[in-house]
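In what follows, a structure is listed as structure tokens, so that the remarks can point back to it.
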Amino acid sequence: MTLSLGGLFKQQAFINGEWVNAYSGKFSVVTNPATTEVIGNVPLMGVEETRVAIESADRAYRQWSKTTAKYKATVLRQWYELIIDHTAELATILTLEQGKPLNEAKGEITYAASFIEWYAEEAKRMNGEIIPSHKADARILVSRQPVGVVAAITPWNFPAAMITRKCGPAFAAGCAVVLKPAPDTPFTALAFAALAQEAGIPDGLFNVVTGDAVKIGAELTGNKKVKKISFTGSTAIGKLLMAQAATTVKKVSLELGGNAPFIIFDDADIDRAIDGVMIAKFRNAGQTCVCANRIYVHDSIYEQFIERLQQQVALLKVGNGLDTGVTIGPLINRAAVEKVERHIHDAMLKGARLVLGSQQVSNDCFIQPTIIRDVRDDMLVASEETFGPLAAIFSFSEDQEVIDRANNTDSGLAAYIYTQSLSRAFNVSEALEYGMVGVNEGLISTELAPFGGVKESGLGREGAHQGLEEYTEMKYTLMGGI
Ligand code: ADP
């Protein structure tokens, strides 16, 4: 490594406060999607190492949960400050393994840190309730207790933020975490663990186990000491983990795939809508679960909208995320590129037209930002999440028609609407079967709000005070004879 990574580039897993290798001595290789060069290796762990991590988490949480809220808050705050102090190194590691432009990586580190800051504060507000009792000599107390050991399984698209969104509330509530990061992006997770240790997170409270997803996942979902699974990733794996977790009746939080509609009505502020599409479609090269997948534009502004969007998309610069001026990095791997190409070709075969981009098949992880028009609901791009920089522009004429089409999916994560009408803003957002709606806003993620989906997009919420509750169990105590 010639880049300065401040000692945060770790090639071992982190269990019980120690940097360790797999029992087998085996490693798996991590590559940079921009160059396909090897960045480093991480231990290829399995069931045994995961079990040890769970046991150390179980011991650690029993001590940690007894500490005061103020103590937990102080340690979390310290972790937050260390993350902010090391933004440059963390962002470089993130871009090396994930590919996003360095500026976006820095933004993700700040966003990731915000969850630690917020839950450091929220730790002090894990309040209970006293309910007027049914008996004169009794009191009804409702309190919140930590669930215990949490298994966190995270994806590669936000290698930092998806970790802190789970660890922040878990630690604030008094829980311990065994994290399995995505195999493509383990180094950001390990760097966060190094800073957690420096901040005073006790040994065993935060463990990062790298390696075989199926084996680690089986132990995390099957081990009775794990009380909760928090997963962000594909709907297929979410369903599998939910079924596995059922055998020991664990609590489950799932943040799964989306197929976000982005609806632009005839009364919309078009400049604002273009800004919204640019961020909701092209951020992270289109690889977010809240990315606009189906852009519905009212007939009367269709031509004008496409022309203006084309001007903005033409300004995007594709390249290695470490190079200055790059706004679109590589996709995570070849399979991701092939999926985007499949969506483009399917749409074109069925009558869509190319506005911008290339139909040429690429042989690396880069793909030009592409716009296709005259897209219809029978094309693959309408029913599958593209997860790439392809803007598919549909048209519509009636409000009820576009609401029905937007809801015609098993997903229900994020939706966006652009209108100047207050009545439309309320009525359409209420009618959309989605967990989150952006009205005249293309970027809705913040630690202050409950993020999550309905239908097959998931269970539970991350962020806000609701995000803390996910890591607690409610206890009702009847105090009698008083
Ligand atoms: P993607 O297709 O975007 O990579 P996945 O759902 O496959 O999404 O991956 C999200 C996370 O789930 C990753 O950390 C991955 O290693 C993990 N994962 C994949 N398969 C399993 C499994 N069978 N058990 C546990 N974790 C898994």
Side-chain angles (χ1 to χ4, degrees), residues 13 28-31 33 42-47 49-51 53-54 94 97-100 150-167 177-190 192-193 207-223 226 228-248 250 252-259 284-291 293 330-340 342-343 365 384-388 411 413 453 456-459 462:
S28 57
V29 163
V30 182
T31 54
V42 287
L44 188 60
M45 293 183 158
V47 171
E49 297 91 337
T50 308
R51 194 168 296 153
I54 293 169
L94 203 163
E97 61 181 2
Q98 200 273 349
K100 68 178 66 177
V150 173
I153 301 178
T154 51
W156 49 263
N157 62 342
F158 287 92
M162 295 306 104
I163 293 173
T164 56
R165 208 148 84 159
K166 301 182 191 308
C167 289
V177 174
V178 178
L179 167 74
K180 192 209 86 59
D184 319 82
T185 58
F187 293 123
T188 306
L190 294 166
F192 270 69
N207 305 276
V208 183
V209 182
T210 55
D212 187 313
V214 175
K215 290 184 183 154
I216 297 170
E219 182 61 22
L220 290 175
T221 48
N223 191 308
V226 175
K228 178 185 170 82
I229 305 283
S230 180
F231 171 75
T232 301
S234 64
T235 306
I237 300 297
K239 288 179 181 176
L240 177 79
L241 294 173
M242 193 175 175
Q244 290 180 194
T247 58
T248 51
K250 296 188 198 314
V252 182
S253 288
L254 303 170
E255 204 265 274
L256 310 176
N259 180 1
N284 206 12
Q287 303 172 107
T288 90
C289 50
V290 292
C291 268
N293 207 54
L331 298 197
I332 192 69
N333 52 34
R334 283 289 308 152
V337 174
E338 282 158 15
K339 185 172 190 191
V340 181
R342 202 163 58 246
H343 280 188
C365 292
E384 288 182 7
E385 187 177 24
T386 305
F387 239 63
S411 304
L413 194 59
E456 292 190 13
S457 286
L459 289 175
E462 295 190 308

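Order of appearance sets the numbers: ligands from 1, and atoms from 1 within every ligand. Keep in mind it's a predicted model, so treat the numbers as computed, not measured.
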For this session: Show your reasoning for whether side-chain hydrogen bond (donor to acceptor under 3.5 Å, both in side chains) applies to Glu462 and Ser253.
Result: CA-CA 9 Å; Glu462 295 190 308; Ser253 288; over 6 Å; no

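Under the 4.5 Å side-chain criterion, counting only non-hydrogen atoms from C-beta, Gln98 is not in contact with Thr188. At a threshold of 4.5 Å between non-hydrogen side-chain atoms, the residues Leu331 and Gln287 count as touching.
Relative to the six-membered ring of Phe158, Lys100 meets both conditions, a distance below 6.0 Å and an angle of at most 45° to the axis.
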For a distance cut-off of 3.5 Å, show me each N or O of ligand 1 paired with any protein N or O, plus the separation.
from	atom 1	to	atom 2	distance (Å)
ligand 1	3 (O)	Trp156	NE1	3.3
ligand 1	4 (O)	Trp156	NE1	3.2
ligand 1	6 (O)	Ser234	N	2.9
ligand 1	6 (O)	Ser234	OG	2.6
ligand 1	14 (O)	Thr154	O	2.7
ligand 1	14 (O)	Lys180	NZ	3.2
ligand 1	16 (O)	Lys180	NZ	2.8
ligand 1	24 (N)	Ala213	O	3.3

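Defined by atom type and a distance below 3.5 Å, a donor-acceptor pair is present between the side-chain atoms of Thr386 and Asn293.
For the atom pair Ile229 CD1 and Gln244 CD, the distance stands at 8.5 Å (nearest 0.5 Å).
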